[in-house]
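Reviewing the structure listed below.
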Amino acid sequence: MRVLVFSEGFGARTLTFVYNEVKALSEFCDVHVLCTEKGDAELLQYDKVTEIKWQPNKIIRRLKWELWKRDLVLDEKNSAFSKKLNELIDSFKPDVIHCHFGFEALKVTENFTRNDIPVIVTFHGYDATEFDNKESYKRKMKATFDRPNIFPMFVSDYIRQRVARLTVNTEKGFLLYLGIDLDRFKRKIFLISQVVFSLFKYLLLPVKKDMFIQLKQYDGFLISTPIATRVSFLVVVVQSSWMLSVLR
């Protein structure tokens, strides 16, 4: 099976779940990624990535923004993006297109109007909760998911309920919890005896209560922690002689 995955950013450190999904899916599917912005090179350990920049005309972009801000129209059509998107689809010939985030998915659904390829759109959070007070967003979501080949997917039942408020027919969608790589959360044991570090506190603002709390925490840390002997120094620069007398 050939799967085209769309995410505005790919390789961004805040979107590692998209990267992990792509890597896992690629073990048994032919997966190609489409994005509008490539992220950190360290996280781009995947070769099948096409970047199509989202570069609308400045005047048109401003006009669309004003219409969106006034809750009149939400329009993500872009002829230049549409041309490259359809060329990629014609070349790769995906069996299914999977888009992340309902709002961003409009870049695909608005510019790929054929109904012969299933399109799945995953709602993750803000795309289901942030704009439910905007009628233009509701109208666009309803029209998008009324198309026979476009299906919503939800990462939790709560998100499904919130998407339903957007007048989207959630009965045609399905729930799929996102997995996480538990190995990333394994506790690591550090050799404390090899740690040498310095503490430096610079105070230049008016006296605040939390300043004294922090200093007490530092003092407690030095007393109770075995690595206290490895702390080289703690420097406090104060603003006035009165402050200095208080700290003493």
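If you're wondering where the values come from, they're calculated on a predicted model, not measured in any experiment.
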When rounded to the nearest 0.5 angstrom, what is the spacing between [atom1] in [X] and [atom2] in [Y]?
{"X": "Arg147", "Y": "Thr109", "atom1": "CZ", "atom2": "OG1", "answer": "6.0 Å"}
{"X": "Phe123", "Y": "Thr129", "atom1": "CZ", "atom2": "OG1", "answer": "11.0 Å"}
{"X": "Met1", "Y": "Leu25", "atom1": "CE", "atom2": "CG", "answer": "9.0 Å"}
{"X": "Leu175", "Y": "Asp157", "atom1": "CG", "atom2": "CG", "answer": "6.5 Å"}
{"X": "Glu104", "Y": "Cys35", "atom1": "CD", "atom2": "SG", "answer": "13.0 Å"}

In terms of relative ring orientation, are [X] and [Y] parallel, tilted or perpendicular, with 30° and 60° separating the classes?
{"X": "Phe81", "Y": "Trp54", "result": "perpendicular"}
{"X": "Phe131", "Y": "Phe103", "result": "tilted"}
{"X": "His124", "Y": "Phe101", "result": "tilted"}

Report yes if some heavy atom in the side chain of [X] is under 4.5 Å from a heavy atom in the side chain of [Y]; otherwise report no.
{"X": "Val121", "Y": "Ile150", "value": "yes"}
{"X": "Ile52", "Y": "Leu34", "value": "yes"}
{"X": "Phe112", "Y": "Ile97", "value": "yes"}

Answer yes or no: is there a donor N or O on one side and an acceptor on the other, between the side chain of [X] and the main chain of [Y], under 3.5 Å?
{"X": "Asn111", "Y": "Asn78", "value": "yes"}
{"X": "Asp90", "Y": "Leu88", "value": "no"}
{"X": "Ser91", "Y": "Glu87", "value": "no"}
{"X": "Thr170", "Y": "Gly173", "value": "no"}
{"X": "Asn149", "Y": "Ile117", "value": "yes"}
{"X": "Tyr46", "Y": "His32", "value": "no"}

**OP:** Have a look at Glu76 and tell me which of Lys107, Lys140, Lys64 forms a salt bridge (charged side-chain N to carboxylate O under 4.0 Å, His left out) with it.
**Re:**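 Among Lys107, Lys140, Lys64, the one meeting salt bridge (charged side-chain N to carboxylate O under 4.0 Å, His left out) with Glu76 is Lys107.
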Subject >> Verdict with supporting geometry, Phe92 and Phe6, ring pair (Phe, Tyr, Trp, His ring centres under 6.0 Å) >> reply: CA-CA 13 Å; Phe92 181 57; Phe6 173 73; over 10 Å; no
**OP:** Decide, yes or no, whether a salt bridge links Glu135 with Arg139 under the criterion of side-chain N to carboxylate O below 4.0 Å.
**Re:** no
**OP:** Tell me yes or no: between the side chains of His100 and Glu8, is some donor less than 3.5 Å from an acceptor?
**Re:** no
Original post:
Looking just at side-chain N and O atoms, do Asn86 and Ser82 make a donor-acceptor pair shorter than 3.5 Å?
Top reply: yes
Original post:
Would Lys172 and Asp146 count as a salt bridge (Lys or Arg N to Asp or Glu O under 4.0 Å) if you check the C-alpha gap in whole Å, the side-chain angles of each, and the deciding distance to 0.1 Å?
Top reply: CA-CA 10 Å; Lys172 66 182 293 189; Asp146 279 350; over 6 Å; no
Original post:
What is the minimum heavy-atom distance between Phe151 and Phe145, and which atoms define it?
Top reply: C-CE2, 3.7 Å
Original post:
Is the count of non-hydrogen atoms from other residues, nucleotides or ligands lying under 6.0 Å from Asp47 atom CG greater than 12?
Top reply: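 12 or below, so no.
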Original post:
Which residues pass the side-chain contact (heavy atoms from CB on, under 4.5 Å) test with Lys93, sequence neighbours left out?
Top reply: Arg2
**OP:** Using the rule that two of Ile, Leu, Val, Met, Phe, Trp, Tyr join whenever any of their side-chain heavy atoms come within less than 4.5 Å, decide whether Ile120 and Leu176 are in one cluster.
**Re:**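 Cluster IDs for Ile120 and Leu176 match.
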**OP:** Dump the intermediate steps for salt bridge (Lys or Arg N to Asp or Glu O under 4.0 Å) on Asp132 and Lys138, then the final yes or no.
**Re:** CA-CA 7 Å; Asp132 59 359; Lys138 291 181 180 179; over 6 Å; no
